Number of protein chains: 2
Amino acid sequence: MRQPAGFVKSGAAGDNAQARAMTRPKANPFRRKLESLVPLSAAAGDHLEEITTIYDSHPTRANLVPREDMRGGRLVLMEGFACHYRTVAGGRRQIIAYLVPGDSYDLDTALQNRPDHVMMALTPVRIVRLARAAVADATQDHPAIAEGLRVAGQVEEATVREWLVDIGGRPALERIAHLFCELELRLRAVGLAEADRFDMPITQCDLADTVGLSSVHVNRTLQELRRQRLITLSGRTLTILNRSTFQAMAGFRPDYLRLRETI
Amino acid sequence: MRQPAGFVKSGAAGDNAQARAMTRPKANPFRRKLESLVPLSAAAGDHLEEITTIYDSHPTRANLVPREDMRGGRLVLMEGFACHYRTVAGGRRQIIAYLVPGDSYDLDTALQNRPDHVMMALTPVRIVRLARAAVADATQDHPAIAEGLRVAGQVEEATVREWLVDIGGRPALERIAHLFCELELRLRAVGLAEADRFDMPITQCDLADTVGLSSVHVNRTLQELRRQRLITLSGRTLTILNRSTFQAMAGFRPDYLRLRETI
DNA sequence: CGCTAACTTGACCCGTTTCAACTTTCGTGG
DNA sequence: CCACGAAAGTTGAAACGGGTCAAGTTAGCG
């Protein structure tokens with residue numbers, strides 16, 4: 001498999017309708033994300049949509065947030081996948097966090113990281129850059145938005161701890177399964193997963209750098225997950241075949257994501 | 001080796017003077033901790049000392065913060081080591097963070113963790129419980145204190161990410177070495193390490209649960225570190241024999257601790 | 001002065017890595 | 001539109017790091 005098509009092409013006519021439904025959220029993902037964490041008034045939700053209409057596109061592997069501008073601002077991912085990683089002496093790379101549509105992060109805290117911390121697009125992405133003032137306005141006008149962003153930050157922290165536990169001592173099968181459980185819920189929260197099926201454009205190398213395994217072993221583990229009929233993975237579409245069994249096997253408990261409804 | 005002596009005995013007469021100097025900070029560790037992160041006025045420093053005079057003691061393995069009281073308060077560790085861990089199905093345990101003297105954490109965020117998140121004393125400890133009002137007063141009277149606590153929180157987050165990178169893909173020797181480098185700097189910052197030597201009361205089982213190895217392998221790795229003359233470890237006293245070599249071997253770079261002077 | 005927690009050691013086993021070749025997929029340029 | 005090239009995925013064989021089990025030894029504390 002190869003890297004996903006760019007937006008120009010995928011936006012063109014002739015697309016498979018189902019694929020579009022799965023990758024194109026019906027509502028603004030930033031709004032949906034915060035709504036998944038805290039109750040939002042219609043006015044607050046509308047406000048979020050208004051400030052996230054102007055975005056720019058970047059291709060796979062683009063380095064997001066290299067510049068010093070936008071101090072105090074916030075980056076919002078509207079479409080595509082990105083990741084936050086750190087390089088280690090020896091050429092290794094550790095992915096620390098994924099960003100999926102609706103996720104955002106503070107540019108100030110990003111800028112005080114070491115230069116070996118990088119934010120990179122894993123697929124073609126669309127991002128909105130909110131200026132400090134825009135964030136300040138939104139949070140002052142709508143306390144629920146401030147609360148939502150605070151909770152989102154706490155979830156981020158909790159997620160890193162969860163990954164630490166996962167990588168610290170679970171065998172390969174459970175590690176990867178746990179990651180898939182998390183992605184499924186996060187994507188479902190913003191309307192990008194239905195019927196336990198979602199678009200998973202992450203390469204096996206990226207997965208390896210996430211869970212601390214070699215890409216060869218990730219490949220074999222994915223085959224094992226398929227062999228045991230726990231998932232299907234054709235093309236870029238991942239389906240979890242029996243959610244409760246799968247979650248139990250992975251030792252996954254969704255509490256740390258703080259979703260208001262976990263379905 | 002056995003678990004460390006309780007405070008009653010260690011405070012009694014007949015102690016080795018050097019050992020006392022190493023385990024008894026000259027100044028208030030909470031003050032020193034925040035001073036190591038941000039400049040503090042004398043008034044702010046004195047204020048910190050004033051609010052941390054009343055503490056209570058707990059023995060090794062005591063579960064800290066079980067109660068629902070103290071909402072909005074803050075727990076400050078004044079003496080001894082503690083850790084934050086999570087248990088996993090299968091009996092495994094993953095230590096997520098260490099607390100050394102001067103470290104503190106917010107009881108609100110602690111209380112919204114799952115019940116399988118535990119804060120436990122690794123040695124006999126003395127802790128101060130600051131009520132919400134005490135924290136609010138201190139941060140309002142002295143903005144530098146608020147800033148210091150904010151930075152301390154950011155350092156905590158950065159430390160978890162650092163551990164993730166460490167555990168994600170470094171061999172045993174470097175994993176443990178990296179942890180020792182971090183502990184040395186954190187203890188030095190509060191005056192509990194001198195000449196690259198410090199009191200390391202963490203058992204090999206605890207180390208194992210921290211770095212994601214078996215205790216047997218931790219034991220062998222420690223022997224290997226000694227054999228290579230990188231450290232000495234007699235009783236509970238750890239000495240790093242050649243700091244710059246050791247840090248380089250461990251891939252350790254102290255930036256993430258945000259210490260004002262790294263020496 | 002014995003009990004118990006912590007540490008140590010040896011042998012064997014298994015999960016995972018490494019290396020290297022090969023196949024498939026897909027984007028691009030001719 | 002096809003062919004080429006590069007990125008992604010797949011496979012096998014061999015080596016190794018680390019795990020497990022089980023039996024010790026040491027060292028503090030009561």
Side-chain angles (χ1 to χ4, degrees), chain A residues 1-10 12 14 19 59-61 81 90-92 120-124 167-176 200-227 233-238, chain B residues 1-10 12 14-16 19 59-61 81 90-92 120-124 167-176 200-227 233-238:
Chain A
M1 282 142 214
R2 196 65 197 299
Q3 60 188 67
F7 285 114
V8 176
K9 183 169 179 207
S10 83
T60 302
R61 275 187 197 64
F81 278 41
R92 229 187 56 84
M120 193 188 76
L122 290 170
T123 69
I167 292 180
R170 280 203 263 245
L173 206 76
E174 293 161 41
R175 274 191 220 188
I176 293 181
M200 219 278 298
I202 303 170
T203 68
Q204 295 181 1
C205 286
D206 293 334
L207 284 178
D209 290 340
T210 305
V211 295
L213 296 169
S214 68
S215 65
V216 171
H217 200 59
V218 165
N219 182 289
R220 289 179 174 134
T221 305
L222 290 176
Q223 291 179 50
E224 180 63 17
L225 285 170
R226 281 185 281 218
R227 203 191 58 72
L233 179 55
S234 69
R236 243 175 273 106
T237 300
L238 180 85
Chain B
M1 283 143 220
R2 197 65 196 300
Q3 61 189 65
F7 285 113
V8 177
K9 181 166 180 209
S10 82
D15 264 1
N16 168 329
T60 303
R61 273 188 197 66
F81 279 41
R92 229 186 56 84
M120 191 188 78
L122 291 170
T123 69
I167 292 180
R170 280 203 264 245
L173 206 73
E174 294 161 42
R175 271 190 222 189
I176 293 182
M200 218 278 299
I202 304 170
T203 68
Q204 295 181 3
C205 285
D206 294 333
L207 284 177
D209 290 340
T210 306
V211 296
L213 296 169
S214 68
S215 64
V216 171
H217 201 60
V218 165
N219 182 289
R220 289 178 173 134
T221 305
L222 289 176
Q223 291 179 51
E224 179 63 17
L225 285 170
R226 283 186 281 219
R227 203 192 59 71
L233 181 55
S234 69
R236 245 175 273 106
T237 301
L238 181 85

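In this text, all values refer to a predicted model and were calculated from it rather than measured experimentally. Sequence lines set the chain letters: A, B, ... in the order given, protein chains first and strands last, and positions in each chain run from 1.
- Distance CD (B:Q204) to P (D:dT25): 18 Å, rounded to an integer number of Å.
- Straight-line distance from the CG atom of B:L233 to the P atom of C:dA6: 15 Å, rounded to whole Å.
- The minimum heavy-atom distance linking A:R226 with A:L233 is given by the pair NH1-O, 3.1 Å.
- With values rounded to the nearest 0.5 angstrom, A:L225 atom CG is found 14.5 Å from A:R220 atom CZ.
- In this structure, the separation between CD1 on B:I202 and CZ on B:R236 is 11.5 Å, given to the nearest 0.5 Å.
- One atom, CZ of B:R236, and another, P of D:dA27, lie 13 Å apart when rounded to the nearest Å.
- End-to-end axis angle of the helix from C:dC1-D:dG30 to C:dG30-D:dC1, using five pairs per end and rounding to 10°, comes to 40°.
- Look at CD on B:E224: it is 15 Å from C1' on C:dT9, rounded to the nearest Å.
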Considering only distance and modelled atom types, tabulate donor-acceptor pairs under 3.5 Å from the side chains of residues 205-216 of chain B, sequence neighbours left out.
from   : atom 1 : to     : atom 2 : distance (Å)
B:D206 : OD1    : B:R93  : NH2    : 2.7
B:D206 : OD2    : B:T203 : OG1    : 3.1
B:D209 : OD2    : B:R93  : NE     : 2.8
B:D209 : OD2    : B:R93  : NH2    : 3.0
B:T210 : OG1    : B:Y98  : OH     : 2.5
B:T210 : OG1    : B:D206 : O      : 2.7
B:S214 : OG     : B:H217 : N      : 3.2

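- Note on B:G169: nothing from the nucleic acid sits closer than 4.0 angstrom, heavy atoms only.
- In this structure, B:R175 contributes its side chain and B:R170 its backbone to a donor-acceptor pair below 3.5 Å.
- Atom-to-atom, CZ of A:R92 to C1' of C:dT18 comes out at 15 Å; the value is rounded to the nearest Å.
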Contact list (N/O, under 3.5 angstrom) for nucleotides 11-13 of chain D vs protein:
from   : atom 1 : to     : atom 2 : distance (Å)
D:dT11 : OP2    : A:Q223 : OE1    : 2.6
D:dT11 : OP2    : A:Q223 : NE2    : 2.9
D:dG12 : N7     : A:R220 : NH2    : 2.4
D:dG12 : O6     : A:R220 : NH2    : 3.4

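- Nearest to the side chain of B:R226, among C:dT8, C:dT17, C:dT16, sits C:dT8.
- For A:I202 and D:dG9, the CD1 to C1' distance is 16 Å, given to the nearest whole Å.
- Candidate nucleotides D:dA8, D:dG19, C:dC7 were compared by shortest atom distance to the side chain of A:T203, and D:dA8 ranks first.
- Summarising the geometry, the separation between CD1 on A:I167 and C1' on D:dG18 is reported as 17 Å, rounded to the nearest angstrom.
- Distance B:E174 CD to D:dG18 C1': 15 Å, rounded to the nearest Å.
- Looking at every heavy atom in both residues, A:T60 comes nearest to A:P124 through OG1-CD, 3.2 Å.
- Scanning both residues, A:T123 and A:F81, for their nearest heavy atoms gives OG1-N, 2.9 Å.
- Closest non-hydrogen pair, A:A172 versus A:T221, comes out as CB-OG1, 3.7 Å.
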